[in-house]
Amino acid sequence: MSDQSKTKRHRIGYALSPKKIKTFILPSLLTHASQRGVDLAPIDPEKPLLEQGPYDCVVHKLYDPDWTHQLQQFAAKNPNVPVIDSPEPISKLHDRVSMLEVVTRLNADFEDDKVEAPKQILVTDSETLWNAMETMELGFPVIAKPLEANGSANSHQLCLVFDEEGLRSLPTPTVLQGFVNHGGVVFKVYVVGSHARCVKRKSLPDFTEETIKMKSLKGCLSFSQISNMNSSNYNENDDGFGGELDLEKVEMPSESFVSKVAEAMRKELGLNLINFDMIRDAKDGNRYLVIDINYFPGYAKMPSFESVLTDFLLSVVEK
Ligand SMILES: O=P(O)(O)O[C@@H]1[C@@H](OP(=O)(O)O)[C@H](OP(=O)(O)O)[C@H](O)[C@H](OP(=O)(O)O)[C@H]1OP(=O)(O)O
Ligand SMILES: Nc1ncnc2c1ncn2[C@@H]1O[C@H](COP(=O)(O)OP(=O)(O)O)[C@@H](O)[C@H]1O
Ligand SMILES: [Mg+2]
Ligand SMILES: [Mg+2]
């Protein structure tokens, strides 16, 4: 008998969008998982979940309320089958205000470092945009983010606002967030259960009053998924505003710090499959700001994702 047929096999059902299946359920993952006794099986969200399976565990990233209802029924009938993760805490990440509330509740000793969320305010009425800036003592540039973070193209459509005219042109509701200069690099921390891995990505450049004037930056500048651009449509060393950035030379936060933040975040959120974007204040190297938290991100971009995900799934089903 081969080694593969001797080990107990585990069947993991996955309910994901077609786009996510294309980018995550890669042959390399299927092969690695299968060699370690883990079979990944697609769940058809169009059919009743209770009529599919059996599964030893279910993973999912679907936004439809009908899916949530199906999961609840499934969990009630199969209390011993772990569902990764519960819909309720996931939904907190679908709103850019509730998403960052967790950061203020992180309960851990980060020694010399601080972890905060940027100042932000939700504005629902365009008449009150300027008041909101004053109330929060926000200056230009400010970042305007859609309230919803539900995976739609619009939810990733952000705006850098340089002046009052730009502010007036914003659609509401919008979340106004203080722009923090951070040396043009965002740290993405991928969390898979107790595993955390930090990678560097290119971000927006720093702005000073002088650079804004010099480059005649005015009004509102829209941008989308800047850290996801690949080398075919941008130059690695160009900060997009005429400056240079050498990502290689940027110092990473320490591994122990990353692990502590990841663990605190995972516990506070009650979620296992997340990543968060963190920037380091250019004025204070010990001050980190969490600006975005995503459920079930693009793990295929994380080094060794096949073994990390398989280890995690095995730990869940073997518990
Ligand atoms: O598709 P990918 O690999 O770029 O992953 C996206 C993530 O990119 P990242 O891993 O952080 O670089 C992306 O992260 P950002 O919001 O861009 O920081 C989101 O998690 C996105 O999901 P959604 O559109 O918000 O539901 C993720 O999209 P989905 O794959 O979940 O649709
Ligand atoms: N408060 C901020 N200060 C400086 N840069 C920011 C701030 N918020 C976002 N950014 C930049 O904008 C990018 C996208 O913002 P993010 O909130 O992560 O939106 P998305 O969910 O679309 O990824 C970040 O990766 C970072 O480069
Ligand atoms: Mg982001
Ligand atoms: Mg996001």
Side-chain angles (χ1 to χ4, degrees), residues 19-20 61 63 90-104 115-122 132-133 136-162 170 174-191 198-208 211-212 217 220-230 234 236 238-241 243 245 247 250 265 269 271 273-284 287-299 301-302:
K19 177 198 161 210
K20 194 72 174 172
K61 180 178 182 176
Y63 300 101
I90 295 175
S91 68
K92 293 215 172 92
L93 303 185
H94 293 163
D95 169 309
R96 291 192 192 265
V97 174
S98 56
M99 173 201 283
L100 294 189
E101 277 166 2
V102 62
V103 182
T104 56
V115 181
E116 299 170 17
K119 284 199 255 183
Q120 67 170 21
I121 182 165
L122 171 66
M133 290 277 292
M136 295 306 287
E137 297 179 345
L138 292 170
F140 293 116
V142 74
I143 281 209
K145 303 187 180 185
L147 175 61
E148 281 185 337
N150 59 0
S152 65
N154 184 53
S155 70
H156 291 291
Q157 203 59 56
L158 276 53
C159 218
L160 253 178
V161 185
F162 292 101
L170 292 176
T174 190
V175 176
L176 288 183
Q177 189 176 92
F179 182 89
V180 179
N181 281 338
H182 55 280
V185 181
V186 57
F187 301 105
K188 267 190 183 278
V189 181
Y190 287 88
V191 180
C198 181
V199 298
K200 288 182 260 192
R201 295 270 181 82
K202 207 166 107 161
S203 179
L204 295 170
D206 292 348
F207 293 98
T208 60
T211 54
I212 293 175
L217 298 168
C220 193
L221 189 69
S222 299
F223 68 98
S224 182
Q225 297 205 288
I226 190 157
S227 66
N228 243 347
M229 291 183 184
N230 57 43
Y234 88 131
E236 276 280 312
D238 176 356
D239 72 5
F241 288 78
L245 168 80
L247 209 52
V250 176
M265 197 81 97
L269 281 165
L271 295 172
L273 301 178
I274 53 165
N275 80 355
F276 54 93
D277 298 347
M278 208 164 55
I279 53 178
R280 184 165 53 208
D281 189 343
K283 283 202 215 132
D284 175 355
R287 180 172 180 243
Y288 288 86
L289 297 115
V290 175
I291 51 173
D292 186 26
I293 310 173
N294 302 296
Y295 189 66
F296 208 142
Y299 282 121
K301 287 174 267 175
M302 177 180 77

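All ligand and atom numbering here is 1-based and tracks the order in the structure.
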From the list Q120, R96, K119, side chain to side chain donor-acceptor pair (under 3.5 Å) partner of Q177 resolves to Q120
Note: heavy atom closest to atom 9 (C) of ligand 2, options M99, H182, K145, belongs to K145
Looking only at heavy atoms of R96, does any of them come nearer than 4.0 Å to an atom of ligand 2? yes
In terms of its nearest heavy atom to atom 15 (O) of ligand 2, the top option of N275, V186, L160, L158 is L158
for atom 6 (C) of ligand 2, nearest protein heavy atom and its distance come out as I143 CD1, 3.5 Å
Per-atom filter on ligand 2: closer than 4.0 angstrom to a heavy atom of S203 are 26 (C), 27 (O)
The Mg ion (ligand 4) reached by D292 (N, O or S, under 2.8 Å): yes
The atom of D277 among N, O or S that is nearest the Mg ion (ligand 3) is OD2
Mind checking whether F187 and I279 have side chains closer than 4.5 Å, heavy atoms only? no
re atom 2 (C) of ligand 2, the protein heavy-atom contact at minimum distance is Q177 OE1, 3.7 Å
**Asked** Parallel, tilted or perpendicular for Y190 and Y299, by the 30°/60° rule?
**Response** tilted
Note to self: Regarding N294, does it place an N, O or S atom less than 2.8 Å from the Mg ion (ligand 4)?
What the structure shows: yes
Polar contacts were defined as any N/O atom of the residue lying under 3.5 Å from an N/O atom of the ligand; does this apply to D277 and ligand 2? yes
| task | Could you check if a side-chain atom of V161 sits within less than 4.5 angstrom of a side-chain atom of I143, using non-hydrogen atoms only? | result | no
For I279, the ligand 2 atoms with a heavy-atom partner under 4.0 Å come out as 3 (N), 4 (C)
Regarding K145 and D292, does a basic nitrogen lie under 4.0 Å from an acidic carboxylate oxygen? no
